[in-house]
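For reference, the structure discussed in these notes is given below.
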Amino acid sequence: MDSETLVQSQSTEIRRSEIGPLLESAKIGSTVLIKGWVRAFRANRFIALNDGSSINNIQVVVDFENFEEDLLKQINFHACISVKGKVVESKGAGQKFEILAEEITILGGSDPNLYPLQPKKQTMEFLREKAHFRMRTNTFSAVFRIRHAVAFAVHKFFNDNGYYYLHTPIITGSDAEGAGEMFHVTTLEPGNAPKTKDGVVDWKQDFFGKATNLTVSGQLQAEIGALALGKVYTFGPTFRAENSNTSRHLAEFWMIEPEVAFFDIFDDMDLAESFVKYLVNYVLEHYPEDLKFLDQRIADLEKNMKKEERRPMGLVDTLRFVVDNDFERITYTEAVNLLRNSKPYKKGKFEYPVEWGSDLQAEHERWLVEKKFQKPVIVRDYPKDIKAFYMRLNEDNKTVAAMDVLFPGIGEVIGGSQREERYDVLMDRIKEMDIPEEELWWYLELRKFGGAPHAGFGLGFERMVLFITGMANIRDVIAFPRTPGSAEF
Ligand code: 4AD
Ligand code: MG
């Protein structure tokens, strides 16, 4: 049956109200038009309707005697409907008012026998496979509203502080991190690429006349911006072909990279701390209802867990704590000493060795943040051999002016550094580390002409959203995750 025949009477004289704002300001006795997706239809009488504008549903009351059976049968889970009705005081608990339906139109039916989602708790894994419908659930709608809020707050923070948004390229010829985790960009056919005399692919004949890849970081280009505009930031997609199948890694993620002329590593840490605090505070202030929902969700999930598996604090309390307290600041060397004196180290509980010179593993970072300091920690001055070529060499000749911001439950959210502005030192590092110098001619020239000390960092956007929403897996805070073996939707 087509939808027109189901319309009881069509009216266009009133404008649609969005449910979120309506819940704030509805006047008893007024007539309203609302549209949205059915979250529940109880007792053939109460529809919980949601249009995405708020975590809260509006209650629509259906006097079933006034509506055709055919129409009522189509008010199914996640069907899309339009309702015209009167705002009346609610007798039930849970809402001050409700909408007494006068006209209902089915905009998009949803056969409950065929619709992939059921009105019950579904696992995150299952919902990931239904990414085209998962945003209709309370959890995911809250997550994606908050993701938006964090993105908006990023731009607001930088704009209010005099930074310029620089769009750095997605296709590049360089490997900014020197880690070789790049996706090639090519128009050559895999089995049929032209070869040089030596039998290797002749990239000169490719689209750009050279080998190119998707960017792993906009930093190197952001440095160009900083050495002209003073304070810039990037906010764009970033791609890493690292085969890390963890709850913290994506092959396509978004990164925010401020870069500032005349900043040293200490200015950089101050900026990082005030920036992430601003983001958390923005969401606390502007999205309290979504946070409250996510907080309750975690409390429900943890009900049957052992104490040591539960979070030490609820979500909102954790966020407030981060905003209200100074981050701990230690050097890598101090971190190693603390770790070597820790209980888990002495009891042989760490899987990876703790030795000066090797990178801190997630288990070490978590001990520092969650056990030792119980707050975010900034670790700085890492051994040069485990960090990127562009980081500024310290006077000890062994460490670089690098810093990582570590968060509870997440680990590294920010990686940054003061950049090596001294041409000769940078050249030595590039040679030492076998970095292909031809691709970096312009980066080197920045040190030759009008160079300056400068610093910056990269914030992993999804890791930040993961922290703020309290979700457990990074795949659940990006709409369409790309991970090893998975690029659906
Ligand atoms: O520490 P990283 O590799 O630093 C850089 O790329 C620098 N160029 C940043 C700079 O100084 N401008 O990455 C920065 C952040 C990490 O701290 C982490 O939060 C996030 O990016 N990140 C990832 N997030 C999700 N999935 C991945 N595979 C990620 N790799 C890094
Ligand atoms: Mg890093």
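Counting starts at 1 for both ligands and their atoms, following the listed order. Everything quoted here is computed from the prediction, not taken from an experiment.
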Discussion item. For Phe133 together with His78, are the ring centres under 6.0 Å from each other?
Written reply: no
Practice prompt. Flag this pair as yes if the NZ/CZ of Lys349 is under 6.0 angstrom from the six-membered ring centre of Trp367 and inside a 45 degree cone about the axis; otherwise no.
Written response: no
Discussion item. Which of the protein's N, O or S atoms come within less than 2.8 Å of the Mg ion (ligand 2), not counting waters?
Written reply: Glu412 OE2
Using residues 428-437 as the side-chain source, report each donor-acceptor pair under 3.5 Å to any protein atom, sequence neighbours left out, with the distance given to one decimal.
| residue | atom | partner | partner atom | Å |
| --- | --- | --- | --- | --- |
| Arg429 | NH1 | Glu432 | OE2 | 3.2 |
| Arg429 | NH2 | Lys384 | O | 3.2 |

Worksheet item: Residues in side chain to side chain donor-acceptor pair (under 3.5 Å) with Glu257, at least two apart?
Response: Ser217
Fill in: Close-range residues for ligand 1, whose non-hydrogen atoms fall below the 4.0 Å threshold
Glu177, Ser217, Gln219, Arg240, Glu242, Arg248, His249, Leu250, Phe253, Met255, Glu257, Tyr390, Glu412, Val413, Ile414, Gly415, Gly416, Arg419, Gly456, Phe457, Gly458, Gly460, Arg463, Ile474
Discussion item. Using 30° and 60° as the class boundaries, would you call the ring planes of Tyr163 and Tyr233 parallel, tilted or perpendicular?
Written reply: perpendicular
Practice prompt. For the residue pair Phe140 and Phe144, categorise the inter-ring angle as parallel (less than 30°), tilted (30 to 60°) or perpendicular (more than 60°).
Written response: parallel
Fill in: Criterion ring-ring contact (aromatic ring centres under 6.0 Å, His included) against Phe467, the qualifying member of Phe407, Phe321, Phe461
Phe407
Response to the item:
Result for side chain to side chain contact (heavy atoms under 4.5 Å, CB included) between Tyr332 and one of Thr399, Val400, Leu360 points to Leu360
Worksheet item: Any side-chain heavy-atom pair from Asn213 and Phe239 closer than 4.5 angstrom?
Response: no
